[in-house]
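Computed over heavy atoms, backbone and side chain alike; hydrogens, waters and symmetry mates excluded. What you see is a predicted model; the values in this text were computed from it and never measured. Chain letters run A, B, ... following the sequence lines, proteins first, then strands; residues in each count from 1.
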Amino acid sequence: MNLKHELESRISAALTAAGAPAGSPALVAPAAKVEFGDYQANGVMAAAKKLKTKPRDLAEKVIANLDLSDLAETVEIAGPGFINITFKSDWLSQQLATAAEDERLAIAKAAPPQRVVIDYSSPNLAKEMHVGHLRSTIIGDALARTLEFLGHDVQRQNHVGDWGTQFGMLCAYLDELTEVRESKDAERVTVAKLPDLEEFYRKAKERFDTDEAFANKSRDFVVRLQSGDDAVLHTRFQFLAISLSHCQEVYDRLGATLTPDDVCGESFYNDDLPKVVADLDAKGLLKESEGAQCVFLDAFKNKDDDIQPFIVQKSDGGYLYATTDLAAIRHRIGTLGGDRLIYVVGSEQNFHFQQLFAVARAAEFAPKNVSLEYVPFGMMLGKGRKRFRTREGGTIKLMDLLDEAVKRAGELVAEKNPSLPETERDDIARAVGIGAVKYADLSQNRTSDYVFSWDKMLSLEGNTAPYMQYAYARVRSIFRKGRLSDDVTGRIALTEPAERVLAVRLLQLSETLDAVAADCLPNILCSYLFDLAGAFMSFYETCPVLKADEPTRTSRLMLSDLTARTIRRGLALLGIETVERM
RNA sequence: ACGCCCGUAGCUCAGCUGGAUAGAGCAGCGGUCUUCUAAACCGCAGGUCGCAGGUUCGAGUCCUGCCGGGCGUGCCA
């Protein structure tokens with residue numbers, strides 16, 4: 001049951017029946033204060049404004065046309081024209097019973113399902129994954145899981161950087177080292193013998209930035225790559241193999257759902273790039289400027305009437321990520337059948353995506369019924385709110401970060417619960433440590449910058465994954481203590497205030513997931529889970545479960561079980577594990 | 001210079017298409033373990049929502065201007 005949706009549709013209908021324009025939204029939201037009941041509808045005031053009538057008069061008419069007697073205890077007009085609704089406890093109990101019987105907690109599957117193509121993680125394979133890749137991977141994975149649970153057909157796309165200048169640079173640098181070694185009659189340098197890809201990249205980049213001759217050699221290697229030089233391609237392939245296996249290790253450690261099957265890198269589109277440019281030309285969108293092939297759209301005109309070009313082919317004939325991204329759009333729509341394309345990419349790429357989408361529309365690569373969504377996130381910042389930059393060193397490798405998180409969590413578990421067997425403690429440490437890292441990121445609105453902090457990330461107090469995991473473990477503890485199986489059956493009766501608060505929270509999962517899916521904002525789910533955990537904690541403090549008399553005992557056991565399942569499900573959608581004890 | 005984003009409690013942040021007296025978490029202060037895990041719970045304190053105008057029954061939310069910060073802006077991705 002989706003409480004909000006149910007009220008929204010009924011009240012909107014009543015609004016129309018009362019004379020408001022068709023489609024007037026009821027603007028239903030959870031009540032701002034407990035005194036107002038459970039939910040409130042704010043749409044009457046806006047509709048009254050259009051009708052030029054008094055809001056309270058309209059509210060009277062709406063209520064006259066509204067029959068909520070099956071679910072509402074009271075429906076009241078308050079203030080300037082709010083409609084406040086309080087649910088019947090019996091009705092809430094029924095809804096909970098329905099949810100309890102269902103593996104999916106009575107969350108309906110989307111009808112019809114959409115084919116959602118979601119681009120996330122997408123690291124540059126020329127170097128190791130570092131904390132800068134964390135946000136895209138974590139946020140994208142949570143969105144993929146959530147959309148999938150809602151019944152959509154999700155296609156993950158790991159658009160890895162496996163082509164272009166950076167690989168020319170790496171191959172050129174390796175070639176240079178090889179030449180030097182060979183002249184000294186030393187052992188041949190191969191990719192497989194590189195101890196540290198990150199370090200290798202750093203040195204190559206340094207050469208590239210400081211030595212013009214080397215930069216030119218790198219560009220020459222890019223040309224050789226593009227013209228299909230076997231030797232260079234082979235070297236590149238070796239780099240890729242190492243880098244991809246490293247990425248997969250990180251995904252496995254992180255508990256991301258990405259697999260090698262989801263990898264569809266830049267090079268995949270190589271053959272299509274000339275066609276993209278030719279098709280843009282055929283549409284009359286292509287224009288040469290300073291030797292480069294560009295698309296100029298009026299939408300990107302500045303005040304001086306200059307248009308910011310979207311460059312799709314360089315003056316030397318090479319292609320750019322703009323070209324690749326256009327090819328990817330066509331592939332994702334044409335071949336993968338996407339109805340909705342989502343890009344989880346840092347907000348600094350805002351302008352690029354504005355241009356990309358505009359050009360894709362103009363060239364009719366993306367029909368109107370396909371939604372193109374840029375899901376930006378704020379930067380990863382270090383101490384002093386300064387930006388992380390790979391080239392400047394000091395970057396924390398993702399794997400090291402995860403290991404550190406698990407280690408710290410392990411120490412904490414050992415301290416808080418020394419009696420746990422070591423193997424179980426390791427499992428808990430992993431779930432808590434990785435969960436803490438993910439939750440710290442997901443719980444914040446993705447659009448704001450993210451200040452990386454060991455302390456905050458690993459502090460296991462307050463609004464954190466461990467708080468939720470602890471709430472879950474507490475519920476499970478009740479069942480363990482009572483030597484009960486999970487499938488308790490009976491009636492749920494909501495008598496105590498804490499029970500009622502918990503009940504309404506439990507029933508809000510559906511509308512929460514809809515909101516997450518609509519706006520690609522996982523923090524809404526975090527916020528919900530935190531409220532739910534809080535509601536359970538209050539219930540737990542004031543309502544004894546095992547010691548209660550029947551039928552209250554059974555009722556509370558059912559509430560507890562439903563809470564545990566809701567938390568477990570919610571955390572799973574965020575990619576966070578639960579543990580039975582901690 | 002232009003474009004986009006941001007500015008909310010001491011700190012880190014929520015605030016859903018404009019809604020009722022702006023909310024959490026840390027940190028601070030004060031209470032709660034012979035009773036289902038105190039990684040918890042309950043309470044107190046803490047605000048000119050950057051500044052100034054405007055739109056209206058109503059603005060943290062929308063519009064304009066300013067101040068402050070970040071990112072981006074033709075051949076890297």
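- At whole-Å resolution of the value, CD1 in A:I85 and C1' in B:rA20 are 15 Å apart.
- Stacking is not found between A:F82 and the pyrimidine-like six-membered ring of the B:rG19 base under the 5.5 Å centre-distance and 30° plane-angle cut-offs.
- Inspection of the A:Y472 and A:E580 side chains reveals an N or O donor paired with an N or O acceptor under 3.5 Å.
- Using a 4.0 Å heavy-atom cutoff across all strands shown, A:I524 reaches no nucleic acid atom at all.
- Two residues, A:Q166 and A:P466, neighbour RNA chain B, and the one matched to the more 5' nucleotide by heavy-atom proximity is A:P466.
- At a threshold of 4.0 angstrom between heavy atoms, the contacts of A:P309 include nucleobase atoms, whether or not backbone atoms are also involved.
- The side chain of A:N463 sits closest to B:rG25 out of B:rG25, B:rG72, B:rC4.
- Note on A:Y467: a side-chain N or O is less than 4.0 Å away from OP1 or OP2 of B:rC41.
- Nucleotides B:rA27 and B:rU12 have their C1' atoms positioned 11 Å apart, rounded to a whole Å.
- Distance noted for atom P between B:rU61 and B:rG54: 14 Å (whole Å).
- Atom CG of A:L286 is separated from atom SG of A:C294 by 8.0 Å, given to the nearest 0.5 angstrom.
- Between the side chains of A:D38 and A:T86, not a single donor N or O lies within less than 3.5 Å of an accepting N or O.
- At a threshold of 4.0 angstrom between heavy atoms, the contacts of A:L320 are confined to the sugar-phosphate backbone, with no base atom among them.
- Taking atom P on both B:rA52 and B:rC5, the two are 23 Å apart, rounded to the nearest angstrom.
- When heavy atoms are screened at a 4.0 angstrom cut-off, A:N523 is found touching the sugar-phosphate backbone but no base atom.
- Of all nucleotides listed (B:rC75, B:rA40, B:rA24), B:rA24 comes nearest to the side chain of A:F530.
- Across all strands shown, A:A46 has heavy atoms under 4.0 Å from base atoms, whether or not it also approaches the sugar-phosphate.
- To the nearest whole angstrom, the two C1' atoms, one in B:rC44 and one in B:rA9, are 15 Å apart.
- Within 4.0 Å (heavy atoms only), A:A78 reaches at least one base atom of the nucleic acid.
- Put simply, NZ on A:K301 is 19 Å from C1' on B:rA1, counting in whole angstrom units.
- Side chain to side chain, A:R207 and A:Y173 fail the donor-acceptor criterion of an N or O pair below 3.5 Å.
- At B:rC42, one or more side-chain N or O atoms of A:S538 fall inside 4.0 Å of OP1 or OP2 (strictly under the cut-off).
- Stacking of A:Y540 onto the six-membered ring of B:rA40 is not present when judged by under 5.5 angstrom between centres and under 30° between planes.
- With hydrogens and angles ignored, a donor-acceptor pair closer than 3.5 Å exists between the side chain of A:K49 and the base of B:rG58.
- Here the separation of B:rG15 from B:rC49, taken at their C1' atoms, is 11 Å to the nearest Å.
- Under the 4.5 Å side-chain criterion, counting only non-hydrogen atoms from C-beta, A:N124 is not in contact with A:M129.
- Using a 4.0 Å heavy-atom criterion, one finds that A:Q349 contacts the bases of the nucleic acid, with or without backbone contacts as well.
- Rounded to whole Å, atom P of B:rC16 lies 18 Å from atom CG of A:N2.
- At whole-Å resolution of the value, CG in A:N42 and P in B:rU17 are 12 Å apart.
- Annotation: cation-pi pair A:R476/A:F479 present, NZ/CZ under 6.0 Å from the ring centroid and within 45° of its normal.
- Nearest approach of A:R425 to A:L420, heavy atoms of both residues: NH1-O, 4.3 Å.
- Between A:F214 and A:F208, the angle of the ring planes goes over 60°, which puts this pair in the perpendicular group of the 30/60° scheme.
- Between A:N84 and the phosphate of B:rA20, there is no side-chain N or O to OP1/OP2 separation shorter than 4.0 Å.
- Nucleic acid contact for A:C543: base, since at least one base atom lies under 4.0 Å from a heavy atom of the residue.
- Residue A:F479 is classed as having no contact, given no heavy-atom separation below 4.0 Å to the nucleic acid.
- Glycosidic conformation of B:rC33: syn, with the torsion inside 90° of 0.
- A distance of about 15 Å separates the C1' atoms of B:rA38 and B:rU34, rounded to the whole Å.
- For A:L557 and B:rC36, the CG to C1' distance is 10 Å, given to the nearest whole Å.
- A donor-acceptor pair shorter than 3.5 Å cannot be found between the side chains of A:E6 and A:N2.
- Between A:K416 and the phosphate of B:rA38, there is no side-chain N or O to OP1/OP2 separation shorter than 4.0 Å.
- When only modelled atom types and interatomic distance are considered, A:Q469 and A:Y439 share no side-chain donor-acceptor pair under 3.5 Å.
- In the set B:rA14, B:rA38, B:rC16, B:rA38 carries the atom at the smallest distance from any side-chain atom of A:Y470.
- The residue A:M45 sits close to a base: some heavy atom pair falls under 4.0 Å.
- Within the 4.0 Å cut-off from OP1 or OP2 of B:rU73, not a single side-chain nitrogen or oxygen of A:Q308 is found.
- If you check every strand for non-hydrogen atoms under 4.0 Å, A:Q293 touches nothing.
- Between A:L420 and A:R219, it is A:L420 whose nearest contact on RNA chain B lies nearer the 5' terminus.
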Run the ring pair (Phe, Tyr, Trp, His ring centres under 6.0 Å) check on A:Y321 and A:H352 step by step: do they pass? CA-CA 10 Å; A:Y321 77 139; A:H352 169 67; 4.0 Å; yes
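- Taking 4.0 angstrom as the limit, A:K33 places a side-chain polar atom (N or O) nearer than this to OP1 or OP2 of B:rG23.
- Rounded to an integer number of Å, the gap from A:I307 CD1 to B:rC2 P is 19 Å.
- As a whole-Å value, the separation of A:R446 CZ from B:rA14 P is 12 Å.
- Residue A:A473 is in base contact, counting any heavy-atom pair closer than 4.0 Å across all strands shown.
- Comparing the same atom, P, in B:rG46 and in B:rA22 gives a spacing of 13 Å after rounding to whole Å.
- No engagement by A:T447 is indicated, since no non-hydrogen atom pair under 4.0 Å with the nucleic acid exists.
- Residue A:S448 has a polar side-chain atom (N or O) positioned under 4.0 Å from OP1 or OP2 of B:rA14.
- Counting only Watson-Crick or G-U wobble pairs whose defining distances are both under 3.5 Å, the stems of 3 or more consecutive pairs in RNA chain B are B:1-5 with B:69-73, B:10-13 with B:23-26, B:28-32 with B:40-44, B:50-54 with B:62-66.
- Counting any heavy atom pair closer than 4.0 Å across all strands shown, A:D449 reaches sugar-phosphate atoms only and no base atom.
- Distance check on atom C1': B:rG60 versus B:rC16 gives 14 Å, rounded to whole Å.
- A close approach under 4.0 Å does occur between a side-chain nitrogen or oxygen of A:N445 and OP1 or OP2 of B:rG15.
- At whole-Å resolution of the value, CG in A:D209 and P in B:rC76 are 13 Å apart.
- Just one of A:V344, A:L442, A:L574, A:L521 meets the side chain to side chain contact (heavy atoms under 4.5 Å, CB included) condition when paired with A:L143; it is A:V344.
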